[in-house]
Protein chains: 2
Amino acid sequence: MARVGLSGARLAQAGAELADEVGFEQVTVSALARRFGVQVASLYSHVRSSDDLKARIATVALTELADQVAAALAGRAGRDALHALADVYRDYARAHPGRYAATRHTAAASVLGEQYVAAGRRHSELVRAVLRGYDLGEPAQTDAVRLLGSTIHGYITLELAGSFAHSEPSAGDSWPRIIDALDTLLRSWS
Amino acid sequence: MARVGLSGARLAQAGAELADEVGFEQVTVSALARRFGVQVASLYSHVRSSDDLKARIATVALTELADQVAAALAGRAGRDALHALADVYRDYARAHPGRYAATRHTAAASVLGEQYVAAGRRHSELVRAVLRGYDLGEPAQTDAVRLLGSTIHGYITLELAGSFAHSEPSAGDSWPRIIDALDTLLRSWS
DNA sequence: TGGAATTACCTAAAGGCTTTAGGCAAATCA
DNA sequence: TGATTTGCCTAAAGCCTTTAGGTAATTCCA
């Protein structure tokens with residue numbers, strides 16, 4: 001019986017690819033086993049449960065996305081940084097819809113590891129770093145974090161769901177104008 | 001064999017209630033049959049498939065929500081209308097998380113009926129009605145529809161997921177300030 | 001009003017996903 | 001090279017979906 005070389009990390013990685021192909025919700029332990037040409041039960045040595053697998057995929061995605069945000073933000077500030085931040089999220093979601101969906105997968109905290117929490121914290125910090133380019137005290141800064149997160153995530157979700165598909169202007173045209181509007185808003189936040 | 005009085009409409013209604021109790025993703029034909037004290041197969045006379053059931057629940061929720069928005073908007077304009085619109089969405093999502101999730105459930109267009117499409121159109125029109133209180137041409141108005149939809153939906157999603165739970169200020173305090181910020185933004189949209 | 005037609009719900013069964021238990025063989029290590 | 005660990009396997013139970021075909025309750029209407 002040839003060994004394929006399964007491991008928690010490889011399963012999470014392959015699971016992320018599978019999610020992009022068939023959708024995060026359609027990722028199953030069975031489908032992943034099929035992809036490795038292996039019996040389903042074999043995966044349970046590396047993954048505690050289906051939820052555990054999904055949590056691992058979420059962690060892979062959230063971490064990868066934080067890396068990309070950090071890279072895009074290097075050397076930028078103000079409006080420039082805001083656009084870079086927003087674009088990374090949107091581009092990532094379009095390139096990797098399954099992984100993006102995974103990042104928004106809220107599982108029972110029990111299966112979410114510390115890596116997941118750490119990646120989540122990195123995202124918060126990166127958004128706050130962008131906001132340093134604007135002059136906000138508290139609680140305005142927290143409000144602004146929530147506004148940015150909501151608008152960016154909301155737009156991406158609706159666009160991915162096809163809500164903007166059948167009308168003019170294209171989703172890609174509205175996007176920079178909306179981010180610019182947020183920039184203006186942050187600049188004059190009372 | 002006593003008849004329980006099943007029908008497509010009753011199943012959709014009961015399914016909506018079930019969704020609020022256990023979460024939209026956890027709604028299954030089996031669970032619904034159990035709730036009616038009836039064999040699973042019996043439901044398939046009234047509902048084409050599990051996806052069909054979910055689409056019906058989505059339609060119930062989307063329609064109900066449009067009714068509430070329309071009622072709340074009556075006699076209001078400008079900032080007042082914007083807050084009313086936003087609050088109805090948020091309050092509905094908090095009161096009926098399962099139904100709200102259902103409204104965001106994008107199924108294969110094949111199972112989504114015309115009622116669903118009609119309810120979706122009503123929502124668009126209601127948002128545009130609110131925007132009539134601001135002075136926007138095209139494409140600014142469409143951008144604004146997308147901005148409002150994204151921010152409101154994004155905020156609700158993140159709040160429901162618990163993203164705002166463990167920090168100050170409370171999610172309920174940020175909300176009106178964010179909506180006010182959007183009002184300011186719309187007023188001065190370039 | 002009583003028989004015919006319709007309709008509501010049932011049993012049976014096949015196929016898929018999850019998860020646990022226990023086993024053999026391949027890799028690793030002394 | 002023998003002992004141990006570990007990777008993958010078979011088997012099986014439980015739950016969900018969906019289809020096929022049957023029986024009984026209701027409705028229709030002559």
Side-chain angles (χ1 to χ4, degrees), chain A residues 1-59 98 101-102 105-113, chain B residues 1-58 98 101-102 105-108 110-113:
Chain A
M1 332 240 127
R3 297 191 175 195
V4 180
L6 303 180
S7 72
R10 274 198 74 190
L11 290 181
Q13 195 59 46
E17 286 159 24
L18 181 58
D20 285 336
E21 291 167 30
V22 305
F24 182 65
E25 294 307 327
Q26 275 62 56
V27 171
T28 70
V29 178
S30 295
L32 202 52
R34 233 174 278 132
R35 164 159 303 212
F36 278 101
V38 139
Q39 292 303 309
V40 183
S42 306
L43 300 204
Y44 281 86
S45 310
H46 306 280
V47 139
R48 217 183 303 280
S49 66
S50 185
D51 270 0
D52 179 40
L53 170 63
K54 286 184 177 163
R56 283 167 192 263
I57 295 172
T59 303
H105 172 69
T106 43
S110 54
V111 292
L112 265 48
Chain B
M1 334 238 125
R3 296 191 175 194
V4 180
L6 302 180
S7 73
R10 273 198 74 190
L11 290 181
Q13 195 59 44
E17 285 159 24
L18 181 58
D20 286 336
E21 291 167 29
V22 305
F24 181 65
E25 294 307 328
Q26 275 62 57
V27 172
T28 70
V29 178
S30 295
L32 202 52
R34 231 172 280 132
R35 163 159 304 213
F36 278 101
V38 139
Q39 292 302 310
V40 184
S42 306
L43 268 56
Y44 281 86
S45 308
H46 306 279
V47 138
R48 218 183 301 283
S49 66
S50 184
D51 269 0
D52 179 40
L53 170 63
K54 287 185 176 162
R56 282 166 192 264
I57 296 172
H105 172 70
T106 42
S110 54
V111 292
L112 265 48

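A note on names: the letters A, B, ... follow the listed sequences, proteins ahead of strands, and every chain is numbered from 1. What's counted below: heavy atoms across the whole structure, side chains too, no hydrogens, waters or symmetry copies.
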A:H46 side chain near D:dT6 phosphate (N/O to OP1/OP2, under 4.0 Å):
no
Contacts of A:H46 that satisfy ring pair (Phe, Tyr, Trp, His ring centres under 6.0 Å) - sequence neighbours left out
none
As an exercise, state the distance from CG of A:L32 to OG of A:S50, rounded to the nearest 0.5 Å.
10.0 Å
Rounded to the nearest 0.5 Å, how far apart are CG of A:D52 and CG of A:L43?
11.5 Å
A:D52 has an atom CG; how far is it from atom C1' of C:dT18, in whole Å?
13 Å
For nucleotides 2-7 of chain C, print each protein N/O atom paired with a nucleotide N/O atom at under 3.5 Å, atom names and distance only.
residue	atom	partner	partner atom	Å
C:dT7	O2	B:R3	NH2	2.9

Would you compute the distance between atom OG of A:S30 and atom CZ of A:R34 and round it to the nearest 0.5 angstrom?
5.5 Å
Short of 4.0 Å, heavy atom to strand atom, which residues of residues 23-44 of chain A count as contacting DNA chain D?
A:V38, A:Q39, A:A41, A:S42
Listed once per pair and sorted, the salt bridge (Lys or Arg N to Asp or Glu O under 4.0 Å) pairs that draw on residues 4-17 of chain B, sequence neighbours left out:
none
Closest heavy-atom pair, A:L18 versus A:A31, reported as atoms and distance to 0.1 Å, is CD2-CB, 3.9 Å
Residues of residues 9-22 of chain A with any non-hydrogen atom less than 4.0 angstrom from an atom of DNA chain D: list those, numerically ordered, please.
none
Can you list every pair that meets salt bridge (Lys or Arg N to Asp or Glu O under 4.0 Å) and has a residue in residues 41-50 of chain B, with sequence neighbours left out?
none
So, is A:S45 near the phosphate of D:dG7, with a side-chain N or O under 4.0 Å from OP1 or OP2?
no
Taking all non-hydrogen atoms of both residues into account, name the closest pair between B:V27 and B:K54 and its distance.
O-CE, 3.5 Å
Answer yes or no: is there a side-chain heavy-atom contact under 4.5 Å between B:V29 and B:V40?
yes
Output for pair (B:E21 CD, B:Q26 CD), nearest 0.5 Å, gives 12.5 Å
